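Please read the structure below before turning to the comments.
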There are 2 protein chains.
Amino acid sequence: MSDTTPPELPATASQGPLSYAIFQLARAHRGLAAAMLRAMNLHPGQELLLMRLFDRDGQTQAELLEHVGLDHSTVSKALRRMQEAGLLTRTPAPHDRRAMVVHLTDAGRALRQPIADMWRDLEEISVRDLTADQVAVFTECAHLVERSVRERDRPASAE
Amino acid sequence: MSDTTPPELPATASQGPLSYAIFQLARAHRGLAAAMLRAMNLHPGQELLLMRLFDRDGQTQAELLEHVGLDHSTVSKALRRMQEAGLLTRTPAPHDRRAMVVHLTDAGRALRQPIADMWRDLEEISVRDLTADQVAVFTECAHLVERSVRERDRPASAE
DNA sequence: AGCAATTACTTGGCTAGCCACATAAGAAGT
DNA sequence: ACTTCTTATGTGGCTAGCCAAGTAATTGCT
């Protein structure tokens with residue numbers, strides 16, 4: 001304790017450089033994504049649901065939920081707003097009247113290419129100043145950190 | 001329905017692996033931070049403001065703002081809630097009656113060590129499965145990506 | 001059967017975070 | 001002095017995201 005308690009603690013970054021870097025990077029990255037999505041009248045996170053539906057239309061909320069990993073209520077509200085925006089429909093499943101099957105509308109399908117372009121632009125900007133090696137290491141490390149964090153967050157999670 | 005399914009576009013991850021990794025990592029990381037902060041009756045982001053005040057008490061909102069990089073309204077509201085929670089006080093600056101000087105209360109100062117411990121635990125968990133080299137590369141890359149993204153977000157020096 | 005547990009989803013309530021607008025006060029130009 | 005201009009902060013409105021509680025339908029257990 002005699003070497004780590006100077007009267008002038010620099011800042012938050014020194015206490016946890018990696019955590020702080022994640023925090024700042026996430027906010028900047030999300031900000032750019034939000035700006036790009038706003039041109040399509042979308043909000044951050046909605047494009048992930050749409051991309052899942054582009055991949056396979058007609059999924060239930062539970063199926064979408066499992067892949068994106070968000071809270072039930074978050075997905076439910078986001079889908080309701082996207083339905084009100086005319087991007088998709090939610091109809092009760094025929095053989096399981098609890099479930100709501102989500103289908104894209106024409107307006108929703110029309111966003112497939114714009115979202116793909118936007119996502120590619122975002123990726124290209126993010127990677128711009130990195131070498132291919134750095135991208136590989138960064139992505140690998142991101143997954144490792146994510147797994148550590150998730151394991152700690154859910155003490156009963158066994159993979 | 002009659003649309004010829006493209007050769008199985010995997011998912012969002014393949015469109016932008018790095019962006020997707022950032023998104024997922026950020027959510028998991030923030031989730032763990034939120035869980036840890038909840039034990040102290042804090043919310044994500046508040047601890048950053050407090051740590052800034054631990055570093056130097058009696059700053060104005062504008063000074064805090066510059067360092068954390070959030071929107072001024074976000075900081076304004078967060079500080080109001082933290083004041084209502086008894087963690088700090090906001091008093092008009094004597095020589096500049098626009099500015100509000102933020103001072104920690106005893107209750108706020110009491111969180112210094114708990115927050116430092118929590119931040120250290122979070123960092124330790126995040127770094128657990130990484131080598132020192134990986135941490136260095138990851139942090140460096142995070143800053144590079146953040147800079148690229150911020151430059152693009154603010155079209156000030158576009159080529 | 002019948003009743004409990006699980007699953008699927010909705011709603012309410014809270015904060016974070018952004019934008020846009022509004023207010024107030026100091027600074028600067030005329 | 002009298003306007004702008006800039007700065008510092010507050011407020012309203014929107015969505016994202018979480019937790020917690022509630023509803024409805026399916027499954028499971030006795």
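All values derive from a computational prediction rather than experimental measurement. These numbers come from the heavy atoms of this one structure, side chains and all, not from hydrogens, waters or symmetry mates. Residue numbering restarts at 1 for every chain, and letters A, B, ... go by the order of the sequence lines.
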For L144(B), does its backbone N or O pair with a side-chain atom of E146(B) as donor and acceptor, under 3.5 Å? no
Is the backbone of V137(B) close enough, under 3.5 Å, to the side chain of Q134(A) for a donor and an acceptor to pair up by distance?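 Such a contact is absent between Q134(A) side chain and V137(B) backbone.
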State, yes or no, whether a side-chain contact exists between L111(B) and L87(B) at a heavy-atom distance under 4.5 Å. yes
Identify, with sequence neighbours excluded, every residue that meets side-chain contact (heavy atoms from CB on, under 4.5 Å) alongside F23(B).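 Result, side-chain contact (heavy atoms from CB on, under 4.5 Å) vs F23(B): R30(A), L48(A), R27(B).
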With sequence neighbours excluded, what pairs up with R109(B) under the salt bridge (Lys or Arg N to Asp or Glu O under 4.0 Å) test?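 Listed in chain order: D57(B), D106(B).
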With sequence neighbours excluded, what pairs up with R81(B) under the salt bridge (Lys or Arg N to Asp or Glu O under 4.0 Å) test?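 For R81(B) there are no salt bridge (Lys or Arg N to Asp or Glu O under 4.0 Å) partners, ignoring immediate neighbours.
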ILVMFWY network linking M40(B) to F54(B), side-chain heavy atoms under 4.5 angstrom: yes
Among residues 66-85 of chain B, which residues get a heavy atom nearer than 4.0 Å to DNA chain C?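 Output list: L70(B), D71(B), S73(B), T74(B), K77(B), R81(B).
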Is the phosphate of dT10(C) approached by Q61(A) (side-chain N or O, under 4.0 Å from OP1 or OP2)?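 Affirmative; the distance criterion is met.
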Work out which heavy atom in L122(B) is nearest to a heavy atom in S19(A); give both atom names and the distance. CG-OG, 3.7 Å
Identify the 5'-most and 3'-most nucleotides of DNA chain D with at least one atom closer than 4.0 Å to a non-hydrogen atom of chain B.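 Contact span on the strand: dT7(D) to dC18(D).
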Of residues 95-108 of chain B, the positions that come close to DNA chain D - non-hydrogen atoms, cut-off under 4.0 Å: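 Of all residues in residues 95-108 of chain B, the ones placing a heavy atom under 4.0 Å from DNA chain D are R98(B), A99(B), M100(B).
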Establish, from distance only, whether the side-chain atoms of T131(A) and D133(A) form a donor-acceptor pair under 3.5 Å.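 No, no side-chain donor-acceptor contact under 3.5 Å.
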Please check if the number of heavy atoms outside R147(B) that lie under 6.0 Å from its CZ is greater than 12.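 Atom CZ in R147(B) is not packed in, count stays at 12 or less.
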Select from A62(B) and R38(B) the residue whose nearest nucleotide in DNA chain D is closer to the 5' end of that strand. A62(B)
